[in-house]
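Here is the structure we will look at.
Along the sequence shown, the residues carry numbers beginning at 1. In each ligand, atom 1 is the first atom listed, and ligand 1 is the first ligand listed.
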Amino acid sequence: MTKDSDTVVAELPRHLAIIMDGNGRWAKKRGLPRYAGHPAGVDAVRRVVEACVVRQIPVLTLFAFSSENWRRPAKEVNLIMDLFIRSLRKEVKRLDRNQVKLKVIGDRSAFSKKLQQQIADAEQQTASNQGLLLQVAANYGGRWDITQAARSLAQSVASGELSAEQIDEQALAQQLSFSGVPEPDLFIRTGGEKRISNFLLWQCAYTELYFTDLLWPDFDDQALEAAIQDFSGRQRRFGRTGEQVQGQTAEAS
Ligand code: IPE
Ligand code: IPE
Ligand code: MG
């Protein structure tokens, strides 16, 4: 079977992207205030990162805080920010030990100086690691990403480095938050909602979508395995016919 991403039956995802939803409902189900679900969500992050390391999945992108999540009550936003700082500080050693390379994607300029510093330190500490690339999307929005890419191209045209005719899909993709990383093969959303909520809009053009009713703090290795099993049974056609794709599989095997 060929490894070319534009062909054949899916195998293990090279890039897994997850909307970690349902922390608030998980807490409320236990009679706790909704923000008590977020620390439980961090425990699930730790489990899933380790499961991806064991499976040798090359890239994991987690949606931690959207550009719209600032609309939540200030108390919850502040608690999430504090948790983010504490978790970065606490988890970075373990990430490093597991050869995980951490990158935060999103507009970090809105974060406190302390959080920005914590992010920069964690990224620097894990920068040379060769294992899993863990991308944490924080103050991230797919529309923000496309907009900042368009702005950057416009600046290059204004300065004469680029002509408008040179702008094609590849040029725009290169300006997005993570260029050079394969697009997500598998997208998982926990918590039962069937929407993308402004996550990776450009990058998910041909991503396989998987939705589960499990709330994020309940997501574990078994749930990940179920998602991967479902994914590996799918035929990815990228616009071609099923017969064409099957023909390629037969030729390549
Ligand atoms: C996801 O869980 C975490 C963040 C958005 C930060 P939620 O907090 O959205 O949980 P529900 O969807 O309200 O249950
Ligand atoms: C999406 O969850 C964002 C994150 C998980 C970080 P939300 O809970 O914010 O999404 P909506 O508002 O239900 O669409
Ligand atoms: Mg939610």
Examine the side chains of Asp218 and Trp26 and answer whether a donor and an acceptor come within less than 3.5 Å of each other. yes
Could you tell me the residue and atom name of the protein heavy atom closest to [atom], and the distance to it rounded to 0.1 Å?
| atom | value |
| --- | --- |
| atom 13 (O) of ligand 2 | Arg195 NH2, 2.8 Å |
| atom 10 (O) of ligand 1 | Gly24 N, 2.9 Å |
| atom 7 (P) of ligand 1 | Asp21 OD1, 3.5 Å |
| atom 14 (O) of ligand 2 | Ser197 OG, 2.6 Å |
| atom 9 (O) of ligand 2 | Asn69 ND2, 2.9 Å |

In ligand 2, which numbered atoms sit nearer than 4.0 Å to a non-hydrogen atom of [X]?
| X | value |
| --- | --- |
| Arg72 | 7 (P), 8 (O), 9 (O) |
| Phe65 | 6 (C) |
| Ile19 | 1 (C), 5 (C) |

Which of Leu79, Val77, Asn78 passes side-chain contact (heavy atoms from CB on, under 4.5 Å) with Arg72? It is Val77
Contact between ligand 1 and Gly191 is defined here as a heavy atom of the residue under 4.0 Å from a ligand atom; is it met? no
Look at ligand 1 and say whether Arg34 reaches it with a heavy atom at a distance under 4.0 Å. yes
Angle between ring planes, [X] versus [Y], binned at 30° and 60°: parallel, tilted or perpendicular?
| X | Y | value |
| --- | --- | --- |
| Phe199 | Phe187 | tilted |
| Phe111 | Phe84 | perpendicular |
| Phe219 | Trp216 | parallel |

Side chain to side chain, Leu60 and Leu62, heavy atoms closer than 4.5 Å: yes
Contact atoms of ligand 1, heavy-atom distance to Ala64 under 4.0 Å: 6 (C)
Here the atoms of ligand 1 under 4.0 Å from any heavy atom belonging to Met20 are 1 (C), 2 (O), 3 (C)
The test is side chain to side chain donor-acceptor pair (under 3.5 Å); show your working for Glu225 and Gln229 and say whether it passes. CA-CA 6 Å; Glu225 183 57 35; Gln229 280 298 324; 3.1 Å; yes
Assess whether salt bridge (Lys or Arg N to Asp or Glu O under 4.0 Å) is satisfied between Lys101 and Asp96, documenting all intermediate values. CA-CA 7 Å; Lys101 178 175 175 157; Asp96 205 23; over 6 Å; no
I would like to know whether Asp121 and Gln125 meet side chain to side chain donor-acceptor pair (under 3.5 Å); could you show each step before the answer? CA-CA 6 Å; Asp121 291 348; Gln125 196 174 331; over 6 Å; no
Does any N or O in the side chain of Asn129 come within less than 3.5 Å of the main-chain N or O of Gly131, such that one atom is a donor and the other an acceptor? no
Kindly say whether Pro73 contributes a backbone atom to a donor-acceptor pair with the side chain of Glu76 at under 3.5 angstrom? no
Taking the ring centre of each residue, are His15 and Phe178 less than 6.0 Å apart? yes
Is there at least one pair of N or O atoms, one from Arg25 and one from ligand 1, spaced under 3.5 Å apart? yes
Here the pair of heavy atoms bringing Glu193 nearest to Phe211 is O-CD2, 3.3 Å
Looking only at non-hydrogen atoms, the one of Arg189, Glu68, Glu193 nearest atom 2 (O) of ligand 2 is Arg189
What protein N/O/S atoms sit under 2.8 Å from the Mg ion (ligand 3), by chain and number? Asp21 OD1
